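What follows is a set of notes on a single structure, which appears directly below.
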Amino acid sequence: MPMEKTFNAAEAEARISALWDASGAFVAGANARPGAPAFSIMIPPPNVTGSLHIGHAFNNTLQDILVRWHRMQGHDTLWQVGTDHAGIATQMVTEREMAREGNQTRREMGRDAFTARVWQQKRASRCTIISQLKRLGASCDWSREAFTMSGAPGAPAGEEGNFHDAVIKVFVDLYNKGLIYRGKRLVNWDPHFETAISDLEVENIEVPGHMWHFKYRLAGGETYDYVERDADGAVTFRETRDYISIATTRPETMLGDGAVAVHPTDDRYAPIVGKFVHLPLCDRLIPIITDDYPDPAFGSGAVKITGAHDFNDYAVAKRANLPCYRLMDMRGAMRADGAPYAEAVQRAREIAAGSPTTGAEVDSLNLVPEKYRGLDRFEARKQVVADITAAGLAVTTLVKSLDEDTGSEHLTLEPVVEAKKIMQPFGDRSKVVIEPMLTDQWFVDTAQIVEPALEAVRSGRTKIIPPSGEKTYYHWLENIEPWCISRQLWWGHQIPVWYGLAFDAADFTDDEGDNALDEVELLRILGDGGHIDREANHYCAADPSAVTDRFRDNLAALPHPLSAARIIQVDDRQAAVEALAASLADYAVTQDPTRLTYPVWRDPDVLDTWFSSGLWPIGTLGWPEPTAELAKYFPTSVLVTGADILFFWVARMMMMQLTVVNEVPFHTVYLHGLVRDAKGKKMSKSLGNVVDPLEVIDEYGADALRFGNAAMASLGGTLKLDTARIAGYRNFGTKLWNAARFAEMNGVWDGHVTGSAPTPTATVNKWIIGEAAKTRAEIDAALADFRFDQAASALYGFIWGKVCDWYVEFAKPLFDGPDATETRQTMAWVLDQCMILLHPFSPFLTEELWQTTGARAKLLCHTDWPTYGANLIDAAADAELTWVTTLIDEIRSARAQMHVPVALKLDMLALTMDAAARSAWDNNESLIKRLARIDTLTHADQAPKGAITIPAAGASFALPLAGIIDIAAEQARLQKTLDKLAKEIGGLKGRLNNPNFAASAPEDVVDEAKVNLDAREDEAAKLSAALQRLKELT
RNA sequence: GGGAGAUUAGCUCAGUGGUAGAGCGCUUCGUUCACAUCGAAGAUGUCAGGGGUUCAAAUCCCUUAUCUCCCACCA
């Protein structure tokens, strides 16, 4: 059946995908030569509930090009595929889905049921992204699909695997090495998702805000001289004050202030340092302290210190040993729990007076006055401002206002509220304002594991390209902060830590021996005295699974187990561990549910998603099992990923792999930018400029999208996706398709396919074989440097610019001549090379061509990548074809400019021809005549009147066009060319006449300039002569 | 505030010391049997501005301007 005029991508892509699938073409090691080097890539796992966006399409195209390129070279290739459980995102998607269905909420449902529901969501949506990757033509080993939560408790059938085990093992190992710790720290709290998030998940955005100024009055009615001075020390302002002025953008946090801080060198406040001020609205006193943090030049120079709600203040509070009081609940509302304010403030006064306190009182003491309790944080802000203003404690200014009744102007005192742009933190998922919150969280002590990750890149063991990525990497890692890895979510790897209460079992049974304690009572008993050791109250279990099942029901019964875990009655950590171990063992043997209540419970938090995806390189290969794949494919060859997750993922993989298995995860990291729209705008749903890769594939085919992706993948720049360009690359595919169709029509595929390059005699055949060899070398060099754009450009230039534009045209006359057979062989070989070389970029169209143009031994995706080189380049053929194509170009150009009808065949005169030119003409006469539409060539001593001149290297031709040409137009054409030549000649002469040029420039540059000058002058002379002849005509 | 990058044809971008390039768009012509998702020809640039190094600068250095991104605690 003859070929269609175009490649039907929509029809063929699915069929070809199925063919690859059915033949296991992409399984690890497929097409590997014995003893071949390994080549492995880990896919950046997309979110399991996600769908393919244009960034995925770009990222995976590049990976696939590398993978296919290596697989065709016979390397032992693995492209590891899989998905990420994506904690917050997936939980969010599932909850949204549940809300839409009108089902129970997550909390109504309970943890186990909810987790099961998310698994269900995961099972349902996994196919989406995977099938979309297949549509792109990604040649992943689908049989090895991994998941970052495979094998987790509660995983349904089909989700076996040991990724969860690997994550747990790493947590336990790091914990045992002292690299993971738990503590009450100020963290970024997302009040929407009610979880801590890491620094990286916070986006700081500038928003309009306000700054208020409040007066904190000195205790005991004291006053002081407030003096301002200029740079020379001269007094510029003096006033007796009974207050200190503070400025804040967050008035509601003043309820938790622990002090007012001023800079130690700030003379304005020197008289009152160490004294106390009344905290407005709060009925308590706080001290004025000194700290280096306040900037005397900013605001009043005095800063309120709210240790529990600001990162700077927290640091000051730590230095000054100030108490921190949490004011908000987990949803960002003012706390409504705990004792009445009168009691709480009494206790706060005791603490301020020196009564010992513990971190526990951060949570147990609620210093929010009744009036504000339960208010949303933004509502509380308004109320606090209003109340402070009403109390006359706002800094005021005179404002002129108009009395509308009387029409008279008068002055009023108004609070000073500065409108001010402030940087506000937002959750990158929730988009709500992040609240610094003092909570118990788990941290990786990154400072301890960062050094090997830095060293690996500094030493070049892992190379980051482009190099600017290395600088960014260093900068972040050199200033690394502890990594908060606990999340208050349900979907994820639950932290393998059990909290235990060490106790005598008798304490928990009533007189009848029944299990009589409820949680409140438990707390009451444990709360009574006893040594408190926060560091010791957790126990990291090496084999948690057995424990989990046993106590799950008990755990579920605890509304908030962590709050009950506060106290453990032991003297040291070791005792805690032993007591727990003993109680667990005890329980395990007795299995008597009445004997012990709540012996242990598990930390309800899950791990940051990036903690598990940080183990992707080893986890997908079966670690901690010593698998053959781990031995073969790790460390991986290259990681291709977006520069935006350099910190989130790349740096953490480096740290974790080096810590866990003491090896870099990959030899090379290729970072690319974000794909933007044609105008360089970030794609966003709200802007409506999102390009859906699947729509692009539907319209233009996956090959066109892929080739376009490769073509725009230059290093460093931004990536602007223009569908007009994709359309152009679709046309490019059609072009090759039609060249193959032409070949089919001319019997090229009928038994002319040869494995190795033919050895033809015709110059054009020799020439195109050499061009293929050049192209192969260019592509290999470009891909070795990750220059996908250069490889794409080489392919485009070769296939369209050389094969289709010239070779196919050259071949037409040869099919009727003595060289017909070798030309068919050569064309078959050359088109095969086009398919092979293009295949990594555009796999569908090339595989389809490969299958339809002959009986093939192997799939194209397994066909040997060529290794031929310069031996196939015939310099003489190259020079001759350059001469031929230049001549044809010249003739065509002259004809077009003289408006010679295309169909008109001309007789050409050869005025001069040296031996080389003569030979070039004789060897290629038929095709020159055909392409330049020349009828005959005759020799003449001089051009007749009314002819146009065609210069060529070593020859000069004339086209007699008397009566056809416009003499003025021909004069203009010649003059224009001469002008251009004159400019070039001027430049070349200028250089060559400069003695410094000859002295300083390399010899070959000088020689080249000389040769160029000769050629230009020769051409100019011919054109001048021609111009002269025309002038004689007029 | 710190860091990185960008500025080349109408548009999107290559080009990193040696005669300014590609694709798209634009103009003219074209139904010759691979292809109109095409062919042939053509026009278009103070390579952001200024200074410097060099025989030679889009390319290296300095500087100014504009833009983008990342990081950062100014209450």
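In what follows, every chain begins at residue 1, and chains take the letters A, B, ... in the order their sequences are listed. Because the structure is predicted, anything quoted here is derived from the model rather than measured.
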Would you classify A:Glu418 as touching base, sugar-phosphate or nothing, given that sugar-phosphate means primed atoms plus P, OP1 and OP2, and contacts are heavy atoms under 4.0 Å?
nothing
Pairwise C1' distance for B:C29 and B:A43, with rounding to whole Å
15 Å
Under 4.0 Å, counting only non-hydrogen atoms across every strand here, what does A:Arg1016 touch: a base, just sugar-phosphate, or nothing?
base
Nucleotide opposite B:G18 in a Watson-Crick or G-U pair, distances under 3.5 Å:
B:C55
Just checking A:Arg250: base, sugar-phosphate only, or nothing, at a heavy-atom cut-off of under 4.0 Å?
nothing
How close or far is atom P of B:A75 from atom CG of A:Asp266, stated in whole angstroms?
18 Å
Rounded off to whole Å, could you give me the CE-to-P distance for the A:Met423 and B:A75 pair?
10 Å
Across all strands, who's sitting opposite B:U7 as a Watson-Crick or G-U wobble pair, both distances under 3.5 Å?
B:A65
Return the nearest nucleotide to the side chain of A:Asp889; candidates are B:G23, B:A34, B:A41.
B:A41
Whole-Å distance separating the CH2 atom of A:Trp476 from the P atom of B:G2
23 Å
Which residue, A:Asn204 or A:Thr6, contacts RNA chain B at a nucleotide closer to its 5' end, judged by nearest heavy atom?
A:Thr6
Looking for any heavy atom pair under 4.0 Å, which part of the strands does A:Asn994 touch: base, sugar-phosphate only, or nothing?
sugar-phosphate
Touch class at under 4.0 angstrom, heavy-atom based, for A:Phe311 against every strand present
nothing
Could you tell me whether A:Gly301 contacts a base, only the sugar-phosphate backbone, or nothing, with contacts defined as non-hydrogen atoms closer than 4.0 Å?
base
Rounding to an integer number of Å, can you tell me how far A:Glu984 CD sits from B:G18 C1'?
14 Å
Taking atom P in both B:A65 and B:U44, what distance in whole Å separates the two?
35 Å
Nearest-Å distance for atom pair CD/C1', residues A:Glu206 and B:C73:
15 Å
Can you measure A:Phe997 atom CZ to B:U19 atom P for me and round it to whole angstrom units?
10 Å
Complement of B:C35, any strand, by Watson-Crick or G-U distances under 3.5 angstrom:
none
Interatomic distance where CE belongs to A:Met745 and C1' belongs to B:C35 [whole Å]
9 Å
C1' spacing across the pair B:G25 / B:G10, given as an integer number of angstrom:
7 Å
Give A:Tyr700 one of three labels, base, sugar-phosphate or nothing, depending on what nucleic acid heavy atoms sit under 4.0 Å from its own.
nothing
Taking the C1' atom of each, how far is B:C62 from B:G23, in whole Å?
36 Å
Please confirm whether the backbone N or O of A:Thr882 pairs with a side-chain atom of A:Thr885, one donor and one acceptor, at under 3.5 Å?
yes
Could you tell me whether A:Lys420 contacts a base, only the sugar-phosphate backbone, or nothing, with contacts defined as non-hydrogen atoms closer than 4.0 Å?
sugar-phosphate
Below 4.0 angstrom, N of the basic side chain to O of the carboxylate: do A:Lys980 and A:Glu1019 qualify?
no
With C1' as the reference atom in both, quote the distance from B:C67 to B:C55 in angstrom, rounded to an integer.
36 Å
Determine the contact category for A:Pro1002: base if any of its heavy atoms lies under 4.0 Å from a base atom, sugar-phosphate if only primed atoms, P, OP1 or OP2 are that close, otherwise nothing.
base
Side chain of A:Tyr293 (C-beta onward), nearest among B:C74, B:C38, B:C70:
B:C74
Gap in Å between the two C1' atoms, one belonging to B:A9 and one to B:G1, rounded
39 Å
Among the nucleotides B:A41, B:C70, B:G18, which one has an atom lying closest to any side-chain atom of A:Ser893?
B:A41
Taking any heavy-atom pair under 4.0 Å as a contact, classify A:Trp212: base, sugar-phosphate, or nothing.
nothing
Separation of B:U19 P from A:Lys1010 NZ (nearest whole Å)
17 Å
Taking B:A75, B:G15, B:A34 as options, the one with an atom nearest any side-chain atom of A:Cys804 is B:A34
If I pick the P atom on B:U7 and the same atom on B:G15, what distance separates them, to the nearest angstrom?
10 Å
What is the nucleic acid contact for A:Arg730, judged by heavy atoms within less than 4.0 Å: base, sugar-phosphate only, or nothing?
base
Given the C1' atoms of B:C71 and B:U16, what is the spacing between them in whole Å?
28 Å
Sugar-phosphate only, base, or nothing, as touched by A:Asn1012 at under 4.0 Å among non-hydrogen atoms:
base
Taking the six-membered ring for Trp, are A:Tyr670 and A:Phe788 ring centroids under 6.0 Å apart?
yes
Identified pairing partner of B:G45, criterion: Watson-Crick or G-U wobble below 3.5 Å:
none
Between A:Lys421 and A:Lys5, which residue's closest nucleotide on RNA chain B lies nearer the 5′ terminus?
A:Lys5
Once you apply a heavy-atom cut-off of 4.0 Å, does A:Asn993 come out as touching a base, just sugar-phosphate, or nothing?
nothing
B:A40 - base-pair partner by Watson-Crick or wobble geometry, distances under 3.5 Å:
B:U28
